[in-house]
**Q** 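Handing you this structure, nothing more for now.
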There are 2 protein chains.
Amino acid sequence: MKNNSSFKNKLEESGHSFTSQRAEVYSILCENAPAHLTAEEIFIKLTQRHLKIGLSTVYRTLGIFTNIGITDKVDFDDGMSRYELVENFDGKNHRHHHLICLGCGRVEDALDDLMEDLENDVLEKFSFNIIDHSVKLYGYCAECSMKNKIETGSK
Amino acid sequence: MKNNSSFKNKLEESGHSFTSQRAEVYSILCENAPAHLTAEEIFIKLTQRHLKIGLSTVYRTLGIFTNIGITDKVDFDDGMSRYELVENFDGKNHRHHHLICLGCGRVEDALDDLMEDLENDVLEKFSFNIIDHSVKLYGYCAECSMKNKIETGSK
DNA sequence: AATATAATGAGAATGGTTCTCAATTAAGGA
DNA sequence: TCCTTAATTGAGAACCATTCTCATTATATT
């Protein structure tokens, strides 16, 4: 699990109370990292654990977490938002690279290299100061690529 | 306006009829390119023009357009999807770079350079074959950057 | 023109998310 | 520790973009 006290600090610094519900949501996120969970999935996991929490509270909590940089809200166009822990929410970081397989739907996280070149380029050409970015790469994972080759008989 | 007959071809090739409603939605998209319109915005523009069309038809049409590569569906996390014409839907192309200003909310389209390096990198490291990508860059446009500097008095 | 198939549109339904508000809990001072 | 105040919680209602339904209408083919 992540450092719990820095989580607490982050909450208090931003003027929010440390509550049991917020700690519970946080612990689910930690235990399931680096998964991208929906609000409802988190709600169900907590309920299965016999921790009583309201769905509204889960949404509210995730909203706060995202605002203060504990989580990132990501959207894979399947009708609901997902939340993932920011890698190291003490330092500045912004990486949201997801490899989304069009075959099996699996989502993998990827590295954040090379984006700096692109960002510098954009600053030069557009005078646009990039604060954050979201990159989604759609394609076929190794497994599905293999499967496709066999099925289509392509060389 | 774009070449209308290739639009018609694209529809027929994919087994869809050419209807007046589809032509109307297409013409709104052409006239407003490169804007990113919501289904409702398109519906309103058509209604103002006294062209009768149902909102469901607009949604359905945009769904088809996106499926057959006439439009791209983009999402700026403001609660509704937007649609934009694919640059040249006859050839293979995939560029969805948007500069989203956190100050004024304006969305600008950016170039697609440098992504090839990143894609090659991902193929090497993850054996993941990229078909398409979506890149959203959040930050401050030239104007808002200027405004921020004045307000905060930072050098 | 006639028939079969596809498209349309009005409104209902859906479903993820946000809102409301009364009850509960946390925070900080005395 | 107790008290006061402000913040948080939770159940359900409300919201709202999008999808679905199905009777009507238009398109394509014979």
Side-chain angles (χ1 to χ4, degrees), chain A residues 4-5 7-28 36-47 49-68 70-83, chain B residues 7-28 36-68 70-84:
Chain A
N4 213 301
S5 72
F7 155 68
K8 199 174 165 186
N9 284 344
K10 193 92 183 175
L11 267 181
E12 286 170 355
E13 275 168 23
S14 57
H16 295 95
S17 315
F18 177 82
T19 67
S20 66
Q21 287 87 344
R22 288 170 187 171
E24 284 160 16
V25 170
Y26 181 64
S27 75
I28 292 290
H36 320 90
L37 302 176
T38 65
E40 185 140 34
E41 282 167 349
I42 293 169
F43 173 73
I44 289 171
K45 280 177 191 293
L46 286 171
T47 304
R49 196 174 288 185
H50 305 296
L51 293 171
K52 265 183 60 78
I53 191 170
L55 183 55
S56 340
T57 303
V58 174
Y59 274 104
R60 248 185 323 236
T61 300
L62 291 169
I64 291 169
F65 284 6
T66 301
N67 275 337
I68 65 182
I70 289 175
T71 52
D72 280 320
K73 183 178 180 181
V74 291
D75 181 14
F76 299 141
D77 299 317
D78 58 353
M80 50 208 153
S81 297
R82 286 155 198 285
Y83 299 83
Chain B
F7 156 67
K8 199 173 166 187
N9 283 345
K10 193 91 182 175
L11 267 181
E12 286 169 355
E13 276 168 23
S14 57
H16 294 96
S17 314
F18 177 83
T19 69
S20 66
Q21 287 88 344
R22 287 170 188 171
E24 285 161 13
V25 170
Y26 181 64
S27 75
I28 292 290
H36 320 90
L37 302 176
T38 65
E40 185 141 32
E41 282 167 349
I42 293 170
F43 173 73
I44 288 171
K45 280 176 191 292
L46 286 171
T47 302
Q48 285 174 340
R49 196 174 288 185
H50 304 295
L51 293 170
K52 264 183 61 81
I53 190 169
L55 183 56
S56 339
T57 303
V58 175
Y59 274 105
R60 248 187 321 237
T61 300
L62 291 169
I64 291 169
F65 283 6
T66 301
N67 275 338
I68 66 182
I70 289 176
T71 52
D72 280 321
K73 183 178 181 182
V74 291
D75 181 15
F76 299 141
D77 299 318
D78 58 353
M80 49 209 154
S81 297
R82 287 155 197 285
Y83 299 84
E84 62 183 12

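Naming: A, B, ... by sequence-line order, numbering from 1 per chain.
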**Q** Looking across every strand, which nucleic acid part, if any, lies under 4.0 Å from A:R60 by heavy atom: base, sugar-phosphate, or nothing?
**A**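 The answer is base, as A:R60 lies within the cut-off (heavy atoms under 4.0 Å) of a base atom.
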**Q** Under 3.5 Å, is there a donor-acceptor pair between the side chain of B:T71 and the main chain of B:Y83?
**A**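 No, B:T71 side chain to B:Y83 backbone: no donor-acceptor pair under 3.5 Å.
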**Q** Under 4.0 angstrom, heavy atoms only, what part of the nucleic acid is A:S20 near: base, sugar-phosphate, or nothing?
**A**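 Touches nothing.
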**Q** I need the CZ-C1' distance between A:F43 and D:dG12, as an integer number of Å.
**A**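 About 12 Å, once rounded to whole Å.
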**Q** State which of D:dT9, C:dG9, C:dT17 makes the closest approach to the side chain of B:T57.
**A**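 My answer, after comparing the listed nucleotides, is C:dG9.
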**Q** With the side chain of B:E40 defined as its heavy atoms from C-beta on, choose the nearest nucleotide among C:dG16, C:dA7, D:dA17.
**A**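 For B:E40, the side-chain atoms sit closest to D:dA17.
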**Q** Report the nucleotide, chosen from D:dG10, C:dT8, D:dA17, that has the shortest atom-to-atom distance to any side-chain atom of B:Q21.
**A**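 The closest nucleotide is C:dT8.
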**Q** What's the closest nucleotide to the side chain of B:S17 if the choices are C:dA26, C:dA6, D:dA17?
**A**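 Shortest atom-to-atom distance from the side chain points to C:dA6.
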**Q** Rounded to whole angstroms, how far apart are CZ on B:F18 and C1' on D:dA28?
**A**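 Atom-to-atom, B:F18 to D:dA28, this comes out as 14 Å.
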**Q** How would you label the contact of A:S56 with the nucleic acid (heavy atoms, under 4.0 Å): base, sugar-phosphate, or nothing?
**A**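 Since a base atom lies under 4.0 Å of A:S56, the category is base.
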**Q** Please state whether the rings of B:Y26 and B:F7 are parallel, tilted or perpendicular, taking 30° and 60° as the class boundaries.
**A**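 B:Y26 vs B:F7 ring planes: parallel.
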**Q** Can you find a side chain N or O atom of B:K73 that sits less than 4.0 Å from OP1 or OP2 on D:dT18?
**A**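 Checking B:K73 against D:dT18: no side-chain N or O falls below 4.0 Å of OP1 or OP2.
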**Q** Rounded to the nearest 0.5 Å, how far apart are CD1 of A:I53 and CD of A:Q21?
**A**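 Spacing of CD1 (A:I53) from CD (A:Q21) equals 5.5 Å.
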**Q** Among A:K10, A:E12, A:H16, which residue satisfies the side-chain hydrogen bond (donor to acceptor under 3.5 Å, both in side chains) criterion with A:S14?
**A**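 The single option meeting the side-chain hydrogen bond (donor to acceptor under 3.5 Å, both in side chains) with A:S14 is A:H16.
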**Q** Please give, in whole Å, the distance from D:dT9 P to A:I64 CD1?
**A**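 Between P of D:dT9 and CD1 of A:I64: 7 Å.
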**Q** Grab the CZ-C1' distance between A:R22 and C:dA26 for me, whole Å please.
**A**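 Whole-Å distance recorded here is 10 Å.
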**Q** Mind checking A:T19 for me? I need base, sugar-phosphate or nothing, with any heavy atom below 4.0 Å counting as a touch.
**A**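 Sugar-phosphate: the residue A:T19, judged by heavy atoms under 4.0 Å, touches backbone atoms but no base.
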**Q** Does the side chain of B:R49 reach to within under 4.5 Å of the side chain of B:S27, using non-hydrogen atoms?
**A**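 Sidechains of B:S27 and B:R49: in contact.
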**Q** To the nearest Å, how far apart are B:R82 CZ and D:dT18 P?
**A**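 The distance from CZ of B:R82 to P of D:dT18 comes to 10 Å, rounded to the nearest Å.
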**Q** Over how many whole Å does the gap from B:E12 atom CD to C:dA6 atom P extend?
**A**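 Roughly 15 Å, once rounded to whole Å.
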**Q** When the distance from CG of A:L62 to C1' of C:dT17 is rounded to whole Å, what number comes out?
**A**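 Nearest whole value for this atom pair: 12 Å.
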**Q** Tell me: OH of B:Y59 to P of D:dC16, nearest whole Å?
**A**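 Atom-to-atom, B:Y59 to D:dC16, this comes out as 13 Å.
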**Q** Which part of the nucleic acid does B:T38 contact within heavy-atom distance under 4.0 Å: base, sugar-phosphate only, or nothing?
**A**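 Since no nucleic acid heavy atom lies under 4.0 Å of B:T38, the category is nothing.
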